[in-house]
Amino acid sequence: MSAAEPVDLTVADLHPALGDPALTSMNFLNEVSERYPAAVSLAAGRPYEEFFDLAAVHRHLDTFHRHLVDDLGHRPEQARRLLLQYGRTKGIVHHLIARNLAVDEGITVDPEDVVVTVGCQEAMFLVLRALRAGPADVLLAVAPTYVGLTGAARLVDLPVWPVAGGSAGVDLTDLAAQVQRARAAGLRPRACYLMPDFANPSGLSIDTAHRQRLLDLAVHEDLLLLEDNPYGLFHSDDGPRPPTLKALDTGRRVVYLGSFAKTVLPGARVGYVVADQRVAGPGGRVGPLADQLAMIKSMVTVNTSPIAQAVIGGRLLEHGCSLVAANTRERSAYTRNLRHLVAGLARRFPALPDQPDRPAVRWTVPAGGFFVVVTVPFPVDDALLDRSGRDYGVLWTPMAHFYDDTAPVRALRLSVSAVTPEQIDVGLDRLAALITDEVTRRAG
């Protein structure tokens, strides 16, 4: 827009969140990728595309259609209407999601406690909108925090208080302290958001014993836990996966957020929320929190695309409702890439003791998932990312995007999910050159 072009509104006339960095982060990162399409992208947390199959989309749709007719007894015209008309707000694959959770996670849930959403992002928004009852309400979130959660909280005017993550994935002492601090200030902490498995962006996981202590703390402090689990299936070893918080939850303390973007198809934009907490309504009626979330959803997106749900449902049906079974190839690719990237970092940045003028480069070694965090001897920001894409041909994500303050952050996130080992090698060579040049430039 030119300076002379007439202006009808300013950002100050709109919702305050629209000027918040949390809402601009995703757009900025996408724009950088578009600006430098030839760069190797170790930034995007997108699933591996080599296994995408357009023909399978049609097959999944047909599989779900047959399920409606043959298994559920719908007449052909009913099945056609269910797929092509406006649909039930809570969704039409809720029974398959409940079966999937039982098969893969050992979670027993009533299908009526499930709301199928337009991606997990809508699930987050619905939960936060429901929990934000007044100006005294606050949300706790383990830092660094997925920026989509921070942005959604901004849009519903729910302040986010950071909780230290630490090497265990969540610092329970700090969580208890933040709860008490909020209450001492006259505020009401409603919930704590976290990713217990291969968190975005840290890549950290919480072990089983720590999960149980976290649940005990939630009971003691009368706090809900918002468990977001998009990466839990992608562990890199053959041992048993730790149980989800929801599988351990015996007191309905956990609201479980799920997504099929990484495990089936991101283009379907289907997620879900399990909200089995009991809510007392008018006239003494008691129902699940899911019913309240469905009412909010009916005013936001009306319903999740039945055709998109059918594609997800067909994929589930074809694998006995097990996404573990459906993602054997994907898990193998992510494990290969993660190990390749960690080994590549070790070759390019051999272990050296810290020196006053040159602290060593360090990185995390996650047990699975998509992300590795690299700590470097200088602050990392968007300007450096832009220069990296332009002059070095490699993209990554500044970790500053995942902290809710303006303090400099000396770390960046690398993603292994959407690249090949060959691309990882090229990207790491370019990243090593950038880091070396940046250290030299600052030393001079």
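None of the values given here were measured: they were computed from a predicted structure. Heavy-atom basis, side chains included; hydrogens, waters and symmetry copies ignored.
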>> Pair V270, V311 - check side chain to side chain contact (heavy atoms under 4.5 Å, CB included), show working.
In response: CA-CA 10 Å; V270 177; V311 171; over 6 Å; no
> When you look at D249 and Y256, which way does the side-chain hydrogen bond (donor to acceptor under 3.5 Å, both in side chains) test go after all the steps?
Replying inline: CA-CA 10 Å; D249 180 24; Y256 187 83; over 6 Å; no
>> Between D291 and R285, is the salt bridge (Lys or Arg N to Asp or Glu O under 4.0 Å) condition met? List the steps.
In response: CA-CA 12 Å; D291 288 349; R285 180 183 178 274; 3.5 Å; yes
> Does the side-chain hydrogen bond (donor to acceptor under 3.5 Å, both in side chains) test come out yes or no for N303 and Y86, once each step is laid out?
Replying inline: CA-CA 7 Å; N303 67 288; Y86 287 108; over 6 Å; no
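Scanning all heavy atoms of the two residues, the minimum distance from P398 to L385 falls at CD-CD2, 3.8 Å. Here the closest non-hydrogen pair linking V419 and S41 is CG1-O, 3.3 Å. Taking every heavy atom of both residues into account, H210 and A168 meet most closely at NE2-CB, 3.6 Å. The minimum heavy-atom distance between C120 and D228, with the atom names listed, is SG-OD1, 3.7 Å.
Checking side-chain atoms of S202 against main-chain N and O of L204 turns up a donor-acceptor pair under 3.5 Å. Between the side chain of D13 and the backbone N or O of T10 there is at least one donor-acceptor pair closer than 3.5 Å. Between the side chain of D104 and the backbone N or O of L323, at least one donor-acceptor pair lies under 3.5 Å. Side-chain atoms of S388 do not come within 3.5 Å of backbone N or O of L384 as any donor-acceptor pair. A distance-only check finds no donor-acceptor pair linking the side chain of R190 to the backbone of L223 [under 3.5 Å].
Ring-plane geometry between F64 and H67 is classed as tilted, the angle between the planes lying from 30 to 60 degrees on a 0 to 90 degree scale. F349 and W363 have tilted rings, their planes meeting at an angle from 30° to 60° on a 0 to 90° scale. Aromatic ring orientation, Y334 versus F234: perpendicular (interplanar angle above 60°, classes split at 30° and 60°). Between F28 and H401, the angle of the ring planes stays under 30°, which puts this pair in the parallel group of the 30/60° scheme.
Under the 4.5 Å side-chain criterion, counting only non-hydrogen atoms from C-beta, P201 is in contact with M399. Counting heavy atoms from C-beta on, the side chains of P162 and T145 never come closer than 4.5 Å. Looking at heavy atoms from C-beta onward, R88 lies in side-chain contact with H94 at the 4.5 angstrom threshold.
For Y231 and F371, the ring centers are positioned less than 6.0 Å apart.
Between D276 and R252 there is no salt bridge, since no side-chain nitrogen of the basic residue lies less than 4.0 Å from a carboxylate oxygen of the acidic one.
More than 12 heavy-atom neighbours from other residues, nucleotides or ligands sit within 6.0 angstrom of CZ on R331.
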